[in-house]
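Taking it in order: structure first as structure tokens, then the write-up.
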Amino acid sequence: MVGASASRSRTVSAEDIERFSQITGDYNPLHYDEAAATASRFGGIIVQGGITSGILNAVVAEDLPGPGTVFLKTEWSYLAPVRPGDEITGMVEVLDVRTDKPVATLRTTVSRGDGVIVLDGTAQTYTVPLGELG
């Protein structure tokens with residue numbers, strides 16, 4: 001399984017920002033106020049980091065390692081902004097799998113459609129054997 005990889009892509013929308021804000025209470029002006037966001041170093045509206053990293057939740061839980069998997073630890077650097085309308089792709093690659101328990105270490109990246117890596121780092125996951133779920 002070391003070296004295996006998986007990815008997912010989606011386009012981020014202004015509605016995603018609103019839904020994320022409703023769930024989390026994050027109404028930072030950088031996500032809503034065009035004038036404030038444009039005057040900032042970002043030069044315009046940006047999506048919340050949780051939306052950017054959230055695509056990795058889907059890759060890990062649905063694709064690799066797959067159903068029953070949760071994050072134990074993440075170390076992520078946010079390198080560039082994501083804006084409404086950007087397509088993002090989350091990718092994971094298995095770096096290590098423990099032999100004594102279902103724990104994996106993954107390289108994690110999220111890139112924009114223009115190829116810029118916007119998030120880079122690693123994650124440690126635990127996969128609950130599906131027999132334990134029912």
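Hydrogens, waters and symmetry mates are skipped; everything else that's a heavy atom, side chains included, is used. FYI, the numbering just counts along the sequence from 1.
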Hey, what do you get for [atom1] ([X]) to [atom2] ([Y]), rounding to the nearest 0.5 Å?
X	Y	atom1	atom2	answer
S111	L79	OG	CG	11.5 Å
D86	I46	CG	CD1	11.5 Å
L106	T109	CG	OG1	11.0 Å
E93	T122	CD	OG1	12.0 Å
S77	I117	OG	CD1	11.5 Å

Are [X] and [Y] in one and the same hydrophobic cluster, where Ile, Leu, Val, Met, Phe, Trp and Tyr link if side-chain heavy atoms are under 4.5 Å apart?
X	Y	result
M91	V110	no
V60	L72	no
M1	V59	yes

Check whether [X] reaches the backbone of [Y] with its side chain - one donor and one acceptor, N or O, closer than 3.5 Å.
X	Y	answer
N28	H31	no
T38	A35	no
S21	I17	yes

Can you name the closest pair of heavy atoms from [X] and [Y] and give their distance?
X	Y	value
D26	F20	OD2-CE2, 4.5 Å
R83	G43	NH1-C, 4.3 Å
G90	L56	CA-CD2, 3.9 Å
P29	A36	CB-CB, 4.3 Å
T69	G66	OG1-O, 2.6 Å
V118	P81	CG1-O, 3.9 Å

With [X], which residues qualify under side chain to side chain donor-acceptor pair (under 3.5 Å), at least two apart?
X	answer
D16	R10, S13, R19
Q124	none
T74	none

Results of ring pair (Phe, Tyr, Trp, His ring centres under 6.0 Å) for F71 - residues two or more places apart only |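 So F71 forms a ring pair (Phe, Tyr, Trp, His ring centres under 6.0 Å) with W76.
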By ring pair (Phe, Tyr, Trp, His ring centres under 6.0 Å), which residues pair with Y78, not counting sequence neighbours?
->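 With neighbours one apart ignored, the set is empty.
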Within-4.5 Å side-chain heavy-atom neighbours: [X] and [Y]:
X	Y	result
S53	L119	yes
S5	V92	no
R8	D63	yes
Y27	Q22	yes
V94	L64	yes
S40	L30	yes
Y126	R98	no
V12	I51	yes

Walk me through it: do V103 and V97 pass the test side-chain contact (heavy atoms from CB on, under 4.5 Å)?
-> CA-CA 6 Å; V103 173; V97 179; over 6 Å; no
Salt bridge (charged side-chain N to carboxylate O under 4.0 Å, His left out): pairs with one or both residues in residues 105-116, sequence neighbours excluded |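 Sorted result for residues 105-116: R107-D120, R112-D114.
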Among V116, I88, I55, find the residue that satisfies the side-chain contact (heavy atoms from CB on, under 4.5 Å) test when tested with V82.
->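 Looking at V116, I88, I55, the match for V82 under the side-chain contact (heavy atoms from CB on, under 4.5 Å) is I88.
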